[in-house]
Amino acid sequence: MGKRDDLIARYADDLKNKCGMTPDLDLLTKVTIGCGPAIYNADAATVAATQPAEVETVKNNFLIKKLGLKDGPELDTAIKSVLDTYGQSERNKYRAVVYYMLTKHFGKEAIYG
């Protein structure tokens, strides 16, 4: 297995064991590829959930630009919900996992079709 496959396996494990979800590996793979080289950078691969600027980045660059959603309070609510599902005490919240859960939350899987 390559490095990306190892990361996808780690993300699937987080979804299963930390988030209580059964991951759709095809979608998870597509979301991970969509994150680009950021997944290989320790800082960029995670979402700093306690930093408001980072949460804004997730909202603007992923939800609005990538998923094509309109800005509104429901975006902030969804991000908070996903981060709560991941666990506030969980230090490493992987970007691909957060993006995967947001994609599922908004039913936007077709974007990765």
Side-chain angles (χ1 to χ4, degrees):
M1 286 198 325
K3 190 169 185 177
R4 185 174 68 204
D5 293 331
D6 292 342
L7 290 170
I8 291 168
R10 182 181 306 156
Y11 301 154
D13 183 65
D14 269 18
L15 282 164
K16 196 176 300 170
N17 297 315
K18 295 177 182 171
C19 304
M21 305 173 126
T22 302
D24 171 345
L25 290 177
D26 186 48
L27 178 63
L28 180 58
T29 299
K30 290 174 181 175
V31 171
T32 301
I33 291 168
C35 289
I39 63 170
Y40 303 110
N41 177 305
D43 186 46
T46 57
V47 173
T50 58
Q51 296 178 4
E54 177 74 5
V55 174
E56 276 298 304
T57 298
V58 170
K59 182 167 82 170
N60 291 324
N61 292 354
F62 185 70
L63 294 178
I64 295 172
K65 289 180 183 170
K66 177 71 179 176
L67 298 187
L69 300 169
K70 297 276 184 244
D71 194 1
E74 64 280 358
L75 300 187
D76 296 313
T77 303
I79 292 170
K80 182 179 180 343
S81 171
V82 161
L83 296 175
D84 286 346
T85 299
Y86 212 141
Q88 292 297 336
S89 62
E90 186 56 45
R91 191 168 180 276
N92 291 322
K93 292 178 178 68
Y94 292 107
R95 186 170 304 279
V97 174
V98 171
Y99 286 6
Y100 171 89
M101 288 195 286
L102 286 167
T103 301
K104 292 290 256 184
H105 177 86
F106 286 107
K108 292 289 191 174
E109 294 90 340
I111 286 180
Y112 290 100

Undergrad: Quick check for you: to the nearest 0.5 Å, what is the distance between Ile8 atom CD1 and Asp13 atom CG?
TA: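 So the gap between those two atoms works out to 13.5 Å.
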Undergrad: Leu102 vs Leu63, test: side chain to side chain contact (heavy atoms under 4.5 Å, CB included). Steps then yes/no.
TA: CA-CA 8 Å; Leu102 286 167; Leu63 294 178; 4.0 Å; yes
Undergrad: Between Pro23 and Leu15, what is the shortest heavy-atom contact and its length?
TA: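 Closest heavy-atom pair between Pro23 and Leu15: CB-CD1, 3.7 Å.
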Undergrad: Check the pair Val97 / Arg10 against side chain to side chain contact (heavy atoms under 4.5 Å, CB included), numbers first and verdict last.
TA: CA-CA 10 Å; Val97 174; Arg10 182 181 306 156; over 6 Å; no
Undergrad: Pair Arg91, Thr46 - check side chain to side chain contact (heavy atoms under 4.5 Å, CB included), show working.
TA: CA-CA 9 Å; Arg91 191 168 180 276; Thr46 57; over 6 Å; no
Undergrad: Side chains of Asp24 and Tyr100: is there a donor and an acceptor less than 3.5 Å apart?
TA: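 There is no such pair (donor and acceptor under 3.5 Å, judged by atom type) between the side chains of Asp24 and Tyr100.
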Undergrad: Say you draw a straight line from OG of Ser81 to NE2 of His105; how long is it, rounded to the nearest 0.5 Å?
TA: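 These two atoms lie 6.0 Å from each other.
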Undergrad: If hydrophobic clusters are built from ILVMFWY residues whose side chains come within less than 4.5 Å, do Ile111 and Ile33 share one?
TA: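 Different clusters: Ile111 never reaches Ile33 through Ile, Leu, Val, Met, Phe, Trp or Tyr contacts under 4.5 Å.
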Undergrad: Nearest 0.5 Å, please: how far is OH in Tyr94 from CG in Leu7?
TA: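 Nearest 0.5 Å value for the CG-OH distance: 8.0 Å.
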Undergrad: Is any side-chain heavy atom of Asn92 closer than 4.5 Å to a side-chain heavy atom of Asp14?
TA: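 Heavy-atom side-chain distance check fails, nothing below 4.5 Å.
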Undergrad: May I ask you to decide if Thr85's main-chain N or O and Lys18's side chain share a donor-acceptor pair within less than 3.5 Å?
TA: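 No, Lys18 side chain to Thr85 backbone: no donor-acceptor pair under 3.5 Å.
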Undergrad: Can you check whether Val82 reaches Lys93 side chain to side chain, under 4.5 Å on heavy atoms?
TA: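 When only atoms from C-beta onward are counted, Lys93 and Val82 do not touch, as no gap falls below 4.5 Å.
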Undergrad: Quick check: do Lys66 and Asn61 have side-chain heavy atoms less than 4.5 Å from each other?
TA: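 Heavy-atom side-chain distance check fails, nothing below 4.5 Å.
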Undergrad: Are the side chains of Glu90 and Leu83 in touch, meaning some heavy atoms are under 4.5 Å apart?
TA: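 Glu90 vs Leu83: side chains apart.
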Undergrad: What distance do Asp6 atom CG and Arg4 atom CZ have between them, rounded to the nearest 0.5 Å?
TA: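 Taking CG in Asp6 and CZ in Arg4, the distance rounds to 11.5 Å.
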Undergrad: Once you round to the nearest 0.5 Å, how far does CG of Asp76 lie from CD of Glu56?
TA: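 Here the rounded value is 6.5 Å.
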Undergrad: Could you pull out the closest heavy-atom pair between Ala12 and Leu25, with the gap in Å?
TA: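 Nearest heavy atoms, Ala12 then Leu25: CB-CD2, 3.7 Å.
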Undergrad: Taking only residues two or more places apart in sequence, or in another chain, which ones meet Gln88 in a side chain to side chain donor-acceptor pair (under 3.5 Å)?
TA: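 For Gln88, the residues satisfying side chain to side chain donor-acceptor pair (under 3.5 Å) (neighbours in sequence not counted) are Asp84.
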Undergrad: Output every pair passing ring pair (Phe, Tyr, Trp, His ring centres under 6.0 Å) with a member in residues 39-74, not counting sequence neighbours, ordered by first then second residue.
TA: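 For residues 39-74: Phe62-Tyr99.
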Undergrad: Lys30: which residues meet the side chain to side chain donor-acceptor pair (under 3.5 Å) condition with it, sequence neighbours left out?
TA: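 Checked Lys30 against side chain to side chain donor-acceptor pair (under 3.5 Å); matches are Asp26.
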Undergrad: Do Arg95 side-chain atoms and Ile39 backbone N/O form a donor-acceptor pair below 3.5 Å?
TA: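 Here the side-chain-to-backbone pair does not exist.
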Undergrad: Show your reasoning for whether side chain to side chain contact (heavy atoms under 4.5 Å, CB included) applies to Val31 and Tyr11.
TA: CA-CA 11 Å; Val31 171; Tyr11 301 154; over 6 Å; no
